[in-house]
Colleague: 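Shown below is the structure under consideration.
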Number of protein chains: 2
Amino acid sequence: MAVHVTEEEPRREQGEDRFLADYDPHAFAPAAVTVDVVALTIRSGEPHVLLTRRAAHPQRGWWALPGGFVRAQDGPDGPADPDLPDAALRVLSEKTLLPTELHLEQLGTYGARDRDPRMRVFSVAYMLLAPGLPDPRTGRGTEEAAWVPWRELGHGDGARAGRELAFDHGRVLADAVERARSKLEYTALATAFLPPAFTITALREVYQAVWGQDLHAANFHRKILATPGFVEDTGELSERGGAGGGRRARLYRAGGAALLHPPLLRSTQ
Amino acid sequence: MAVHVTEEEPRREQGEDRFLADYDPHAFAPAAVTVDVVALTIRSGEPHVLLTRRAAHPQRGWWALPGGFVRAQDGPDGPADPDLPDAALRVLSEKTLLPTELHLEQLGTYGARDRDPRMRVFSVAYMLLAPGLPDPRTGRGTEEAAWVPWRELGHGDGARAGRELAFDHGRVLADAVERARSKLEYTALATAFLPPAFTITALREVYQAVWGQDLHAANFHRKILATPGFVEDTGELSERGGAGGGRRARLYRAGGAALLHPPLLRSTQ
DNA sequence: AGAGAAAAACTCATCATGAGAAGAACTTGG
DNA sequence: CCAAGTTCTTCTCATGATGAGTTTTTCTCT
């Protein structure tokens, strides 16, 4: 039985205002919402993730993703976060003092019952991709903040278990890595890891670093230029060829396309 | 500066237990977490979404996605939800009395400041795909529950604005539709819309319904059979050819593969 | 100038795709 | 029963994309 919902037009009745006036939000069991940020970058050809060492309980001293409580309402600490992405960027800059104009994408929300010993905590994870960022400075609520290579965390090629992170952050990081790998296939996201002007070789090295496999340089070059809107020629050339000489590379900027058609697949080769 | 995190091994100190004993969860500003379910199915060749009409304030009488508060702790209404997917299935069965063994996938979390007039509400949206489900029966907290065609909500082909849903559920639904369309391309998800045994034509009709475009029957057939692990032959034939006669179709079941390599692309044609 | 290096262009066999035609298996109407 | 219509399935063929390798161009260093 299909229902034609275009026929009626309910509006807020007078009963609703009184309902809201009588509503007591404190009647609910306490639950907290946090944001955790998986910030990924590439340094000297290797993917790194931004980690902080916890300065406070619980799990003090453990490495963790930068994260913190969402400000649901205006309070003594500051105004409420207008939306979740705002909270993610605020928390990131508080803990690591990094700039906050970056590509941000929601990964998922984790809310298993015992993931935090304090209370029921629902954590919204964000992924952030950025070109060579500076070393983080240590901000409020952390002992230390640093870029850590994936390799050391056991997510480089899957096999090694690696070091555990606080809470369920190991799983969140693994989800982020898989999301980043998959998004490179069908979106132009790889350019988010690069400065405004870059060479095709630099773009290929992003793919190789994130996917952990080598790509055929000539075919990659052909494919990138054949994909409309992926990159635009700047007309400039790179400063120098490689260390031991070599032709100077053409510089490109990110094109307008967000999606790649057809996608760049990793598995078949 | 790369940090070698494999060298130290912090453990919970004695200070942590005392910290947890003194912790007051009520000190935080109230915030609530809800789950909303976008249940999608295909009925007579058209995609439908499951909607309920709100029986309670706020926005009483409006159509909305089935959803409700997550039980963060054990309480008078029942035990706490162990995890978010459990909450989604519980809420769905409470409001629509539908069975709850279905394909569930997290879509995203919405937490803009003024999306709910009662208090700060963070809503985790789930998408659920299912083969021809029965008409829902109206459960607790709803006036009515029904399958509504996408077409009537203005998401069939994008252009028309359609009828508004409560809160920001229109946007959640739009995100779910786009996610479903995109997941058909590179996963074997389409079989989730079908009964255990199905014909290639039925599978093609799922793609056509969700993508809103016709596909070349012969090429689709070839592509499906050439994709390893997508479908497995059952050896059976369908009961009858179409209404006006026709060859009986071979029946297949879903194969083991979750991902399609290479993907089935919609745009190029 | 010559060797080596990196980027870019080219070649070619193979595979995938879009479009259409033809065959196979079934139902219905004469 | 036979012919016509329908649906499913297989086949053909032109075109385009891909994987692998080679060649050309342009640079640095000795």
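A note on names: the letters A, B, ... follow the listed sequences, proteins ahead of strands, and every chain is numbered from 1. Values below: every heavy atom of this structure, side chains too, minus hydrogens, waters and symmetry copies.
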Colleague: Is a side-chain donor or acceptor of Gln106(B) paired with a backbone partner of Thr109(A) at a separation under 3.5 angstrom?
Modeller: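 Checking the backbone N and O of Thr109(A) against the side chain of Gln106(B), a donor-acceptor pair under 3.5 Å is found.
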Colleague: Among dT11(C), dT7(D), dA7(C), which nucleotide sits nearest the side chain of Arg222(A)?
Modeller: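 Nearest to the side-chain atoms of Arg222(A), counting from C-beta on, is dT11(C).
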Colleague: Any side-chain donor paired with an acceptor under 3.5 Å for Thr199(A) and Ser238(A)?
Modeller: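 Judged by distance alone, the side chains do not pair up.
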Colleague: Does Arg247(A) contact dT25(D) through a side-chain donor or acceptor facing the base, at a distance under 3.5 Å?
Modeller: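 It does, because a donor-acceptor pair links the side chain of Arg247(A) to the base of dT25(D) below 3.5 Å.
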Colleague: So which nucleotide from dT18(D), dT12(D), dT9(D) ends up closest to the side chain of Pro262(A)?
Modeller: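 When the side chain of Pro262(A) is considered, dT18(D) is the closest of dT18(D), dT12(D), dT9(D).
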Colleague: Could you tell me the separation between the CG atom of Asn219(B) and the C1' atom of dT9(D), rounded to a whole number of Å?
Modeller: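 Distance, rounded to whole Å: 13 Å.
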Colleague: Reckon Thr199(A) touches a base, only the sugar-phosphate, or nothing at all at heavy-atom distances under 4.0 Å?
Modeller: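 No contact.
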Colleague: Can you tell me the distance, in whole Å, between the CG atom of Leu264(A) and the P atom of dT18(D)?
Modeller: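 Whole-Å distance recorded here is 8 Å.
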Colleague: Given atom CG of Asp233(A) and atom C1' of dA8(C), what is their separation to the nearest angstrom?
Modeller: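 Result: 12 Å.
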Colleague: Arg248(A) CZ to dC29(D) P: how many Å, rounded?
Modeller: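 Distance check: Arg248(A) CZ to dC29(D) P gives 13 Å.
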Colleague: Of the nucleotides dA20(D), dT25(D), dC26(C), which one has an atom closest to the side chain of Leu237(B)?
Modeller: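 Shortest atom-to-atom distance from the side chain points to dC26(C).
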Colleague: Write down the distance between CG (Leu225(A)) and P (dC10(C)), rounded to a whole number of angstrom.
Modeller: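 Taking atom P of dC10(C) as the reference, CG of Leu225(A) is at 12 Å.
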Colleague: Looking at the side chain of Lys223(A), which of dC8(D), dA7(C), dT18(D) is the nearest nucleotide?
Modeller: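 Nearest nucleotide to the side chain: dT18(D).
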Colleague: Tell me which nucleotide among dA20(D), dT26(D), dA21(C) gets nearest to the side chain of His216(A).
Modeller: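 The answer is dA20(D), which lies nearest to the side chain.
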Colleague: Take the protein atom CG of Leu251(A) and the nucleotide atom P of dA7(C), then report the distance between them rounded to whole Å.
Modeller: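 The answer, rounded to whole Å, is 11 Å.
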Colleague: Hey, could you give me the OG1/CD distance between Thr201(B) and Gln208(B), rounded to the nearest 0.5 Å?
Modeller: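 Spacing of OG1 (Thr201(B)) from CD (Gln208(B)) equals 9.0 Å.
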Colleague: How many angstroms lie between OG1 in Thr52(B) and CG in Leu165(B), if you round to the nearest 0.5 Å?
Modeller: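 If I round to the nearest 0.5 Å, the distance is 9.5 Å.
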Colleague: Among the candidates dG21(D), dT9(D), dA7(C), find the nucleotide nearest to the side-chain atoms of Ala218(A).
Modeller: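 Nearest to the side-chain atoms of Ala218(A), counting from C-beta on, is dG21(D).
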Colleague: Rounded to the nearest Å, what distance is computed from the CZ atom of residue Arg250(A) to the C1' atom of nucleotide dA6(C)?
Modeller: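 Nearest whole value for this atom pair: 15 Å.
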Colleague: Determine, for Glu185(A) against Lys223(A), whether the closest basic-nitrogen to carboxylate-oxygen distance falls under 4.0 angstrom.
Modeller: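 Looking at Glu185(A) and Lys223(A), the cut-off is not met.
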Colleague: Side chain of His221(A) only, heavy atoms from C-beta on: which candidate in dA9(C), dT17(C), dT10(D) is closest?
Modeller: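 Given the options dA9(C), dT17(C), dT10(D), the side chain of His221(A) is closest to dA9(C).
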Colleague: Taking atom C1' of dA8(C) as reference, at what distance in whole Å does atom OH of Tyr252(A) sit?
Modeller: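 About 9 Å, once rounded to whole Å.
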